[in-house]
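To keep things clear, I will list the structure first and then write my remarks on it.
Note: hydrogens, waters and symmetry copies are ignored here, and every other heavy atom, side chains too, is used.
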Amino acid sequence: MNRFSKIFFPQLIVPKNAVVKNQELHSKSQKLMIDTGLIKHCGNGTYYILPLLQRSMEKLIRIIDKYMSEIDGQKLTMPTLTAADLWKKSGRFETAATELMITKDRHERTQILSPTHEESVTNLIASISPVSYKSLPLRLYQITPKFRDELRPKFGLLRAKEFLMKDMYTFDINLEKAKKTYDAVNEQYAKILNHLKVPFVKITADTGNMGGKISHEYHIITEIGEDSIISCPKCCHAINRELAKDGKICEKCCENDLKNEQGIEIGHTFILEDRYSKLLKASFLNKSGKPEYLQMGCYGIGVTRLIAASIELFSSETEIRWSQELAPYKVCILPPKEGSKEEAITTHLDMEIYNNLSHLDDIIIDDRTHMTIGKRLMDMKKLGIPYLIVIGSKSADSQNPSIEVHDLKNNYVNDMSINDAINYVEKCLKT
Ligand SMILES: [Zn+2]
(Lines give C-alpha, C1' and ligand atoms only; values in the text may rest on other atoms or scores of the structure.)
Protein backbone atom coordinates (compact mmCIF):
# COMPACT_ATOMS: atom_id res chain seq x y z
CA MET A 1 0.00 0.00 0.00
CA ASN A 2 1.29 3.47 -0.87
CA ARG A 3 1.55 5.76 2.16
CA PHE A 4 2.84 9.32 2.32
CA SER A 5 4.31 8.64 5.78
CA LYS A 6 6.82 6.31 4.09
CA ILE A 7 7.84 8.68 1.30
CA PHE A 8 11.00 10.77 1.37
CA PHE A 9 9.95 14.24 0.29
CA PRO A 10 11.78 16.80 2.42
CA GLN A 11 9.64 19.92 2.09
CA LEU A 12 11.31 23.27 2.36
CA ILE A 13 9.80 25.28 5.17
CA VAL A 14 10.70 28.93 4.68
CA PRO A 15 9.81 31.06 7.69
CA LYS A 16 7.45 33.93 6.93
CA ASN A 17 9.21 37.21 6.12
CA ALA A 18 12.45 35.35 5.39
CA VAL A 19 14.65 37.04 2.82
CA VAL A 20 15.20 34.77 -0.16
CA LYS A 21 18.51 35.45 -1.86
CA ASN A 22 19.11 35.26 -5.58
CA GLN A 23 15.41 35.33 -6.30
CA GLU A 24 15.96 36.44 -9.89
CA LEU A 25 17.46 33.04 -10.64
CA HIS A 26 14.38 31.18 -9.47
CA SER A 27 11.69 30.02 -11.79
CA LYS A 28 8.24 29.03 -10.59
CA SER A 29 8.85 25.35 -11.31
CA GLN A 30 12.20 25.35 -9.49
CA LYS A 31 10.72 27.01 -6.41
CA LEU A 32 7.65 24.75 -6.29
CA MET A 33 9.70 21.59 -6.84
CA ILE A 34 12.10 22.48 -4.03
CA ASP A 35 9.29 23.55 -1.67
CA THR A 36 7.39 20.28 -2.12
CA GLY A 37 10.38 17.95 -1.87
CA LEU A 38 10.44 16.84 -5.51
CA ILE A 39 14.04 17.96 -5.99
CA LYS A 40 16.86 19.17 -3.78
CA HIS A 41 19.73 21.34 -4.84
CA CYS A 42 23.04 19.43 -4.76
CA GLY A 43 25.87 21.56 -6.15
CA ASN A 44 26.28 24.22 -8.76
CA GLY A 45 23.77 23.30 -11.45
CA THR A 46 23.00 19.79 -10.19
CA TYR A 47 19.93 18.44 -8.41
CA TYR A 48 18.82 15.35 -6.57
CA ILE A 49 15.70 13.94 -8.20
CA LEU A 50 13.74 12.72 -5.17
CA PRO A 51 11.36 9.71 -5.10
CA LEU A 52 8.12 11.52 -6.05
CA LEU A 53 9.69 13.16 -9.09
CA GLN A 54 11.54 9.94 -9.95
CA ARG A 55 8.09 8.34 -10.29
CA SER A 56 7.01 11.08 -12.71
CA MET A 57 10.24 10.72 -14.65
CA GLU A 58 9.77 6.96 -15.01
CA LYS A 59 6.24 7.56 -16.28
CA LEU A 60 7.56 9.89 -18.96
CA ILE A 61 10.26 7.36 -19.89
CA ARG A 62 7.61 4.65 -20.34
CA ILE A 63 5.56 6.97 -22.57
CA ILE A 64 8.61 7.81 -24.69
CA ASP A 65 9.54 4.10 -24.95
CA LYS A 66 6.03 3.25 -26.14
CA TYR A 67 6.09 5.80 -28.96
CA MET A 68 9.65 4.95 -29.99
CA SER A 69 8.92 1.23 -30.17
CA GLU A 70 5.98 1.99 -32.50
CA ILE A 71 8.52 3.09 -35.12
CA ASP A 72 10.98 0.28 -34.35
CA GLY A 73 13.17 2.41 -32.11
CA GLN A 74 15.61 0.18 -30.22
CA LYS A 75 16.82 1.25 -26.81
CA LEU A 76 20.46 0.92 -25.84
CA THR A 77 22.97 2.57 -23.51
CA MET A 78 26.12 4.24 -24.75
CA PRO A 79 28.97 5.12 -22.41
CA THR A 80 28.69 8.52 -20.77
CA LEU A 81 32.44 8.93 -21.30
CA THR A 82 33.47 9.53 -24.90
CA ALA A 83 37.09 9.77 -26.00
CA ALA A 84 38.03 13.38 -26.78
CA ASP A 85 39.88 12.08 -29.86
CA LEU A 86 36.57 11.11 -31.43
CA TRP A 87 35.27 14.64 -30.92
CA LYS A 88 38.50 16.04 -32.33
CA LYS A 89 37.86 14.06 -35.52
CA SER A 90 34.42 15.62 -35.93
CA GLY A 91 35.79 19.07 -35.14
CA ARG A 92 33.35 19.57 -32.31
CA PHE A 93 35.95 19.34 -29.56
CA GLU A 94 36.89 22.86 -30.55
CA THR A 95 33.51 24.29 -31.59
CA ALA A 96 31.68 23.07 -28.49
CA ALA A 97 34.65 23.43 -26.16
CA THR A 98 33.21 26.03 -23.81
CA GLU A 99 30.27 23.81 -22.88
CA LEU A 100 32.03 20.44 -22.71
CA MET A 101 32.65 18.71 -19.38
CA ILE A 102 36.12 17.29 -19.77
CA THR A 103 37.84 14.70 -17.58
CA LYS A 104 41.26 13.10 -17.52
CA ASP A 105 41.96 9.58 -16.32
CA ARG A 106 45.14 8.42 -14.52
CA HIS A 107 46.86 7.92 -17.87
CA GLU A 108 46.10 11.51 -18.85
CA ARG A 109 43.62 10.38 -21.48
CA THR A 110 41.03 13.06 -22.09
CA GLN A 111 37.39 12.06 -22.11
CA ILE A 112 34.16 13.97 -22.37
CA LEU A 113 31.12 13.61 -20.15
CA SER A 114 28.95 13.48 -23.24
CA PRO A 115 26.32 16.12 -23.95
CA THR A 116 25.23 14.14 -27.04
CA HIS A 117 26.37 11.00 -28.89
CA GLU A 118 26.60 11.56 -32.66
CA GLU A 119 30.30 10.70 -32.69
CA SER A 120 29.90 7.77 -30.35
CA VAL A 121 27.00 6.09 -32.16
CA THR A 122 28.62 6.64 -35.58
CA ASN A 123 31.80 5.09 -34.23
CA LEU A 124 29.75 2.10 -33.08
CA ILE A 125 28.27 1.58 -36.55
CA ALA A 126 31.62 2.26 -38.23
CA SER A 127 33.16 -0.53 -36.14
CA ILE A 128 30.83 -3.06 -37.84
CA SER A 129 30.71 -1.35 -41.24
CA PRO A 130 29.79 -1.97 -43.91
CA VAL A 131 26.37 -3.11 -42.66
CA SER A 132 23.88 -4.66 -45.06
CA TYR A 133 21.18 -2.44 -46.61
CA LYS A 134 18.78 -5.12 -45.35
CA SER A 135 19.43 -4.08 -41.73
CA LEU A 136 18.27 -0.52 -42.48
CA PRO A 137 16.65 1.71 -41.42
CA LEU A 138 18.27 1.46 -38.01
CA ARG A 139 16.80 3.59 -35.22
CA LEU A 140 18.74 3.54 -31.95
CA TYR A 141 18.01 5.59 -28.86
CA GLN A 142 18.92 5.94 -25.22
CA ILE A 143 17.58 7.81 -22.20
CA THR A 144 20.62 8.72 -20.11
CA PRO A 145 22.15 11.61 -18.16
CA LYS A 146 23.85 14.24 -20.29
CA PHE A 147 26.26 16.99 -19.28
CA ARG A 148 26.80 20.59 -20.25
CA ASP A 149 29.12 23.06 -18.58
CA GLU A 150 26.57 25.86 -18.35
CA LEU A 151 28.07 29.24 -17.69
CA ARG A 152 25.02 30.16 -15.62
CA PRO A 153 22.93 27.19 -14.54
CA LYS A 154 19.52 28.49 -13.56
CA PHE A 155 15.83 27.76 -13.20
CA GLY A 156 16.47 24.36 -11.60
CA LEU A 157 15.92 21.47 -14.02
CA LEU A 158 15.33 23.88 -16.91
CA ARG A 159 19.01 24.72 -17.24
CA ALA A 160 21.14 22.29 -15.26
CA LYS A 161 24.65 20.97 -15.81
CA GLU A 162 23.45 17.38 -15.64
CA PHE A 163 20.10 16.40 -17.11
CA LEU A 164 18.25 13.39 -18.45
CA MET A 165 17.88 13.31 -22.21
CA LYS A 166 16.37 10.95 -24.71
CA ASP A 167 18.55 10.91 -27.83
CA MET A 168 17.86 8.90 -30.97
CA TYR A 169 20.16 8.31 -33.93
CA THR A 170 18.91 6.94 -37.23
CA PHE A 171 20.66 5.40 -40.23
CA ASP A 172 19.20 5.14 -43.73
CA ILE A 173 20.38 4.17 -47.20
CA ASN A 174 19.70 7.54 -48.85
CA LEU A 175 18.47 11.05 -48.14
CA GLU A 176 14.94 10.28 -49.30
CA LYS A 177 14.65 7.43 -46.78
CA ALA A 178 16.31 9.57 -44.11
CA LYS A 179 13.57 12.17 -44.67
CA LYS A 180 10.91 9.45 -44.26
CA THR A 181 12.54 8.51 -40.96
CA TYR A 182 12.67 12.19 -40.04
CA ASP A 183 8.93 12.56 -40.61
CA ALA A 184 8.18 9.35 -38.70
CA VAL A 185 10.15 10.44 -35.63
CA ASN A 186 8.67 13.95 -35.72
CA GLU A 187 5.20 12.44 -35.88
CA GLN A 188 5.95 10.41 -32.74
CA TYR A 189 7.26 13.51 -30.97
CA ALA A 190 3.95 15.25 -31.61
CA LYS A 191 2.14 12.14 -30.35
CA ILE A 192 4.16 12.11 -27.12
CA LEU A 193 3.35 15.77 -26.42
CA ASN A 194 -0.31 15.28 -27.33
CA HIS A 195 -0.45 12.23 -25.07
CA LEU A 196 0.81 14.48 -22.26
CA LYS A 197 -1.72 17.16 -23.31
CA VAL A 198 1.13 19.66 -23.28
CA PRO A 199 0.58 22.46 -25.82
CA PHE A 200 3.68 23.01 -27.95
CA VAL A 201 4.95 24.78 -31.04
CA LYS A 202 7.17 23.13 -33.62
CA ILE A 203 9.46 25.59 -35.31
CA THR A 204 12.00 25.65 -38.08
CA ALA A 205 15.38 25.79 -36.39
CA ASP A 206 19.03 26.44 -36.86
CA THR A 207 21.20 23.36 -37.41
CA GLY A 208 24.03 25.00 -35.44
CA ASN A 209 27.17 22.89 -35.21
CA MET A 210 25.30 19.62 -35.85
CA GLY A 211 25.61 19.68 -39.64
CA GLY A 212 22.80 18.86 -42.07
CA LYS A 213 20.16 21.18 -43.47
CA ILE A 214 16.81 20.29 -41.92
CA SER A 215 16.04 20.88 -38.28
CA HIS A 216 13.04 21.56 -36.07
CA GLU A 217 12.62 22.51 -32.44
CA TYR A 218 9.76 21.79 -30.09
CA HIS A 219 8.96 24.53 -27.62
CA ILE A 220 6.67 25.05 -24.68
CA ILE A 221 5.58 28.67 -24.61
CA THR A 222 6.15 30.35 -21.25
CA GLU A 223 7.47 33.78 -20.40
CA ILE A 224 10.65 32.51 -18.75
CA GLY A 225 11.60 30.62 -21.93
CA GLU A 226 14.97 31.72 -23.30
CA ASP A 227 14.25 31.32 -27.00
CA SER A 228 12.43 34.00 -28.95
CA ILE A 229 9.83 32.59 -31.30
CA ILE A 230 8.04 34.44 -34.04
CA SER A 231 4.80 32.82 -35.14
CA CYS A 232 2.21 33.68 -37.72
CA PRO A 233 -1.39 33.57 -36.45
CA LYS A 234 -2.67 33.16 -40.02
CA CYS A 235 -0.74 30.17 -41.38
CA CYS A 236 0.81 28.93 -38.07
CA HIS A 237 4.33 29.08 -39.51
CA ALA A 238 6.74 29.56 -36.61
CA ILE A 239 10.45 30.23 -36.57
CA ASN A 240 13.27 30.86 -34.12
CA ARG A 241 14.07 34.57 -34.13
CA GLU A 242 17.73 33.72 -34.78
CA LEU A 243 16.69 32.38 -38.19
CA ALA A 244 14.23 35.08 -39.22
CA LYS A 245 15.36 37.11 -42.21
CA ASP A 246 12.63 39.60 -41.51
CA GLY A 247 11.00 39.62 -38.08
CA LYS A 248 8.00 41.62 -39.21
CA ILE A 249 6.53 39.68 -42.14
CA CYS A 250 5.63 35.97 -42.37
CA GLU A 251 7.89 34.41 -44.99
CA LYS A 252 5.19 31.85 -45.91
CA CYS A 253 2.05 33.97 -46.28
CA CYS A 254 3.25 37.59 -45.95
CA GLU A 255 1.02 38.27 -42.93
CA ASN A 256 2.44 41.26 -41.08
CA ASP A 257 0.82 40.90 -37.65
CA LEU A 258 3.20 38.34 -36.14
CA LYS A 259 3.30 37.05 -32.56
CA ASN A 260 6.47 37.24 -30.49
CA GLU A 261 6.71 34.69 -27.69
CA GLN A 262 9.26 33.08 -25.40
CA GLY A 263 9.72 29.32 -25.52
CA ILE A 264 11.51 26.58 -23.61
CA GLU A 265 13.10 24.14 -26.04
CA ILE A 266 12.13 20.60 -25.04
CA GLY A 267 12.87 18.73 -28.27
CA HIS A 268 15.12 19.06 -31.29
CA THR A 269 15.33 17.06 -34.51
CA PHE A 270 17.99 17.12 -37.25
CA ILE A 271 18.79 15.47 -40.52
CA LEU A 272 22.56 15.08 -40.36
CA GLU A 273 23.04 13.62 -43.85
CA ASP A 274 26.52 12.03 -44.02
CA ARG A 275 28.44 14.58 -41.94
CA TYR A 276 29.42 12.03 -39.28
CA SER A 277 29.23 8.81 -41.29
CA LYS A 278 31.67 10.09 -43.92
CA LEU A 279 34.11 11.37 -41.33
CA LEU A 280 34.05 8.28 -39.14
CA LYS A 281 33.49 5.79 -41.99
CA ALA A 282 30.08 4.36 -41.18
CA SER A 283 28.85 2.67 -44.33
CA PHE A 284 26.53 0.03 -45.76
CA LEU A 285 26.58 -2.24 -48.77
CA ASN A 286 23.92 -1.33 -51.32
CA LYS A 287 21.97 -3.85 -53.42
CA SER A 288 24.80 -4.14 -55.90
CA GLY A 289 27.30 -4.79 -53.12
CA LYS A 290 28.96 -1.37 -53.27
CA PRO A 291 29.72 0.52 -50.03
CA GLU A 292 28.03 3.90 -49.44
CA TYR A 293 27.93 6.25 -46.47
CA LEU A 294 24.90 6.11 -44.21
CA GLN A 295 22.45 9.00 -44.07
CA MET A 296 21.82 9.95 -40.48
CA GLY A 297 19.35 11.84 -38.33
CA CYS A 298 19.39 12.72 -34.64
CA TYR A 299 16.52 13.49 -32.32
CA GLY A 300 16.44 14.72 -28.72
CA ILE A 301 13.91 15.20 -25.96
CA GLY A 302 14.98 16.83 -22.71
CA VAL A 303 13.25 14.51 -20.26
CA THR A 304 13.87 16.41 -17.02
CA ARG A 305 13.44 19.69 -18.85
CA LEU A 306 10.09 18.63 -20.31
CA ILE A 307 8.77 17.77 -16.85
CA ALA A 308 9.99 21.09 -15.43
CA ALA A 309 8.63 23.05 -18.41
CA SER A 310 5.20 21.42 -18.09
CA ILE A 311 5.14 22.31 -14.38
CA GLU A 312 6.16 25.84 -15.32
CA LEU A 313 3.29 25.98 -17.80
CA PHE A 314 0.45 24.49 -15.77
CA SER A 315 1.21 25.64 -12.20
CA SER A 316 0.17 28.73 -10.28
CA GLU A 317 2.72 30.64 -8.19
CA THR A 318 1.71 28.61 -5.14
CA GLU A 319 0.52 25.20 -6.35
CA ILE A 320 1.88 22.62 -8.78
CA ARG A 321 -0.35 21.39 -11.57
CA TRP A 322 0.80 18.44 -13.66
CA SER A 323 0.17 17.00 -16.99
CA GLN A 324 -2.12 14.32 -15.49
CA GLU A 325 0.00 11.58 -17.07
CA LEU A 326 3.05 12.74 -15.12
CA ALA A 327 1.61 13.35 -11.66
CA PRO A 328 3.56 11.12 -9.24
CA TYR A 329 0.23 9.79 -7.94
CA LYS A 330 -3.18 10.53 -9.37
CA VAL A 331 -5.41 9.97 -6.34
CA CYS A 332 -4.78 10.69 -2.67
CA ILE A 333 -7.06 9.67 0.20
CA LEU A 334 -6.92 11.82 3.33
CA PRO A 335 -8.25 10.04 6.43
CA PRO A 336 -9.23 12.05 9.58
CA LYS A 337 -6.75 13.29 12.15
CA GLU A 338 -5.85 10.73 14.76
CA GLY A 339 -7.85 11.01 17.94
CA SER A 340 -10.67 12.98 16.25
CA LYS A 341 -14.27 11.84 16.66
CA GLU A 342 -14.50 11.31 12.88
CA GLU A 343 -11.63 8.89 13.10
CA ALA A 344 -13.53 6.69 15.54
CA ILE A 345 -16.62 6.54 13.31
CA THR A 346 -14.99 6.24 9.88
CA THR A 347 -12.43 3.51 10.63
CA HIS A 348 -11.64 1.39 7.57
CA LEU A 349 -13.36 3.84 5.21
CA ASP A 350 -9.97 4.92 3.83
CA MET A 351 -9.09 1.28 3.18
CA GLU A 352 -12.44 0.63 1.55
CA ILE A 353 -11.90 3.48 -0.91
CA TYR A 354 -8.26 2.51 -1.44
CA ASN A 355 -9.17 -1.09 -2.26
CA ASN A 356 -11.84 0.06 -4.67
CA LEU A 357 -9.36 2.19 -6.60
CA SER A 358 -6.18 0.18 -6.05
CA HIS A 359 -6.32 -1.25 -9.59
CA LEU A 360 -5.27 2.24 -10.70
CA ASP A 361 -1.87 1.68 -9.08
CA ASP A 362 -1.60 5.43 -8.79
CA ILE A 363 -3.35 5.85 -5.49
CA ILE A 364 -1.83 6.81 -2.17
CA ILE A 365 -3.05 7.50 1.37
CA ASP A 366 -1.84 10.57 3.21
CA ASP A 367 -1.60 8.73 6.50
CA ARG A 368 0.34 11.48 8.27
CA THR A 369 -2.65 11.60 10.60
CA HIS A 370 -0.75 13.42 13.32
CA MET A 371 -1.36 16.45 11.09
CA THR A 372 -4.75 18.11 10.65
CA ILE A 373 -6.72 17.42 7.49
CA GLY A 374 -6.42 21.11 6.61
CA LYS A 375 -2.61 21.02 6.67
CA ARG A 376 -2.39 17.77 4.69
CA LEU A 377 -4.94 19.05 2.17
CA MET A 378 -2.81 22.16 1.70
CA ASP A 379 0.29 19.98 1.11
CA MET A 380 -1.48 17.77 -1.44
CA LYS A 381 -2.89 20.76 -3.31
CA LYS A 382 0.55 22.31 -3.42
CA LEU A 383 1.96 19.02 -4.70
CA GLY A 384 -0.88 18.91 -7.22
CA ILE A 385 -2.14 15.34 -6.78
CA PRO A 386 -5.06 15.65 -9.25
CA TYR A 387 -7.81 13.92 -7.22
CA LEU A 388 -8.07 14.27 -3.45
CA ILE A 389 -10.60 12.30 -1.41
CA VAL A 390 -11.13 13.78 2.04
CA ILE A 391 -12.73 11.79 4.84
CA GLY A 392 -13.90 14.62 7.09
CA SER A 393 -16.69 15.47 9.50
CA LYS A 394 -19.44 14.82 6.93
CA SER A 395 -18.18 11.27 6.53
CA ALA A 396 -19.21 10.68 10.14
CA ASP A 397 -22.85 11.62 9.49
CA SER A 398 -24.77 8.45 10.35
CA GLN A 399 -27.80 9.42 8.22
CA ASN A 400 -26.11 10.58 5.05
CA PRO A 401 -22.33 10.05 5.12
CA SER A 402 -20.40 11.79 2.36
CA ILE A 403 -16.79 12.43 1.41
CA GLU A 404 -15.29 15.50 -0.12
CA VAL A 405 -13.75 15.15 -3.56
CA HIS A 406 -11.29 17.79 -4.81
CA ASP A 407 -10.74 17.69 -8.56
CA LEU A 408 -7.75 20.00 -9.03
CA LYS A 409 -7.78 19.71 -12.79
CA ASN A 410 -11.29 21.07 -13.14
CA ASN A 411 -11.04 23.23 -10.04
CA TYR A 412 -14.08 21.49 -8.60
CA VAL A 413 -14.96 20.46 -5.02
CA ASN A 414 -18.02 18.46 -4.09
CA ASP A 415 -19.49 16.23 -1.37
CA MET A 416 -20.39 12.82 -2.70
CA SER A 417 -21.43 9.40 -1.48
CA ILE A 418 -18.58 6.90 -1.39
CA ASN A 419 -19.78 5.14 -4.52
CA ASP A 420 -20.24 8.37 -6.43
CA ALA A 421 -16.76 9.49 -5.44
CA ILE A 422 -15.19 6.25 -6.65
CA ASN A 423 -17.12 6.43 -9.93
CA TYR A 424 -16.25 10.09 -10.40
CA VAL A 425 -12.53 9.54 -9.98
CA GLU A 426 -12.52 6.47 -12.21
CA LYS A 427 -14.39 8.32 -14.93
CA CYS A 428 -12.04 11.33 -14.77
CA LEU A 429 -8.95 9.16 -14.97
CA LYS A 430 -10.24 7.39 -18.07
CA THR A 431 -10.59 10.60 -20.08
ZN1 LIG B 1 1.98 33.09 -42.29
Side-chain angles (χ1 to χ4, degrees), residues 73-74 76-105 107-131 136-151 161-163 165-175 177-179 181-182 185 205-217 240 242-243 265 267-284 291-302:
Q74 300 179 60
L76 81 171
T77 301
M78 290 185 259
T80 292
L81 292 171
T82 307
D85 285 345
L86 205 50
W87 277 62
K88 283 176 185 162
K89 272 190 201 167
S90 72
R92 291 207 296 178
F93 191 74
E94 282 72 33
T95 53
T98 55
E99 291 192 338
L100 287 180
M101 290 281 204
I102 295 165
T103 70
K104 271 198 167 87
D105 69 9
H107 304 293
E108 291 289 305
R109 281 180 298 229
T110 310
Q111 290 175 304
I112 294 164
L113 286 168
S114 302
T116 177
H117 285 75
E118 286 76 16
E119 286 84 352
S120 185
V121 76
T122 312
N123 188 50
L124 167 69
I125 301 304
S127 72
I128 52 161
S129 284
V131 298
L136 303 170
L138 185 57
R139 296 165 178 173
L140 302 174
Y141 77 101
Q142 60 177 354
I143 299 178
T144 56
K146 305 292 187 300
F147 301 84
R148 188 180 296 138
D149 190 7
E150 291 284 355
L151 185 61
K161 284 188 174 179
E162 179 174 349
F163 47 94
M165 195 168 95
K166 172 261 175 192
D167 43 331
M168 177 180 245
Y169 306 91
T170 62
F171 301 87
D172 279 279
I173 56 167
N174 57 35
L175 201 51
K177 296 274 190 203
K179 279 181 183 154
T181 291
Y182 188 79
V185 181
D206 188 4
T207 50
N209 70 354
M210 281 288 185
K213 291 184 189 73
I214 299 176
S215 175
H216 289 91
E217 288 171 1
N240 198 319
E242 292 165 15
L243 273 192
E265 184 194 327
H268 206 154
T269 59
F270 299 87
I271 287 192
L272 300 168
E273 300 181 0
D274 60 3
R275 175 181 184 323
Y276 296 90
S277 55
K278 211 169 178 172
L279 215 58
L280 302 170
K281 313 241 176 311
S283 62
F284 70 100
E292 285 182 56
Y293 291 118
L294 287 154
Q295 295 289 330
M296 292 174 57
C298 74
Y299 309 85
I301 294 178

Is it true that a side-chain atom of [X] and a backbone atom of [Y] form a donor plus acceptor pair closer than 3.5 Å?
X: Q142; Y: M78; result: yes
X: S215; Y: T269; result: yes
X: K146; Y: M165; result: yes
X: H268; Y: C298; result: no

- Would you call E273 and R275 a salt bridge, using N to O less than 4.0 angstrom? no
- Answer yes or no: are there more than 12 heavy-atom neighbours, outside K278 itself, under 6.0 Å from its atom NZ? no
- Message: Checking side-chain polar atoms at under 3.5 Å, does S283 have a donor or acceptor matched by the opposite partner on K281?
- Response: no
Does [X] reach the side chain of [Y], with side-chain heavy atoms less than 4.5 Å apart?
X: T116; Y: Y169; value: yes
X: Y276; Y: R92; value: yes
X: K166; Y: Y299; value: yes
X: L136; Y: L294; value: yes

- Message: I'd like to know whether D274 forms a side chain to side chain contact (heavy atoms under 4.5 Å, CB included) with M296, so could you lay out the CA-CA distance, the side-chain angles of the two residues, the decisive distance to 0.1 Å, and finally the verdict.
- Response: CA-CA 6 Å; D274 60 3; M296 292 174 57; over 6 Å; no
- Go through V131 and L138 one step at a time and tell me if the side chain to side chain contact (heavy atoms under 4.5 Å, CB included) criterion holds. CA-CA 10 Å; V131 298; L138 185 57; over 6 Å; no
- Message: Does T110 form a side chain to side chain contact (heavy atoms under 4.5 Å, CB included) with I102? I'd like the steps, not just the answer.
- Response: CA-CA 7 Å; T110 310; I102 295 165; 3.3 Å; yes
- Query: Excluding sequence neighbours, so at least two apart, what forms salt bridge (charged side-chain N to carboxylate O under 4.0 Å, His left out) with D149?
  - Reply: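 Residues passing salt bridge (charged side-chain N to carboxylate O under 4.0 Å, His left out) with D149: K161.
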- Assess whether side chain to side chain contact (heavy atoms under 4.5 Å, CB included) is satisfied between L86 and T122, documenting all intermediate values. CA-CA 10 Å; L86 205 50; T122 312; over 6 Å; no
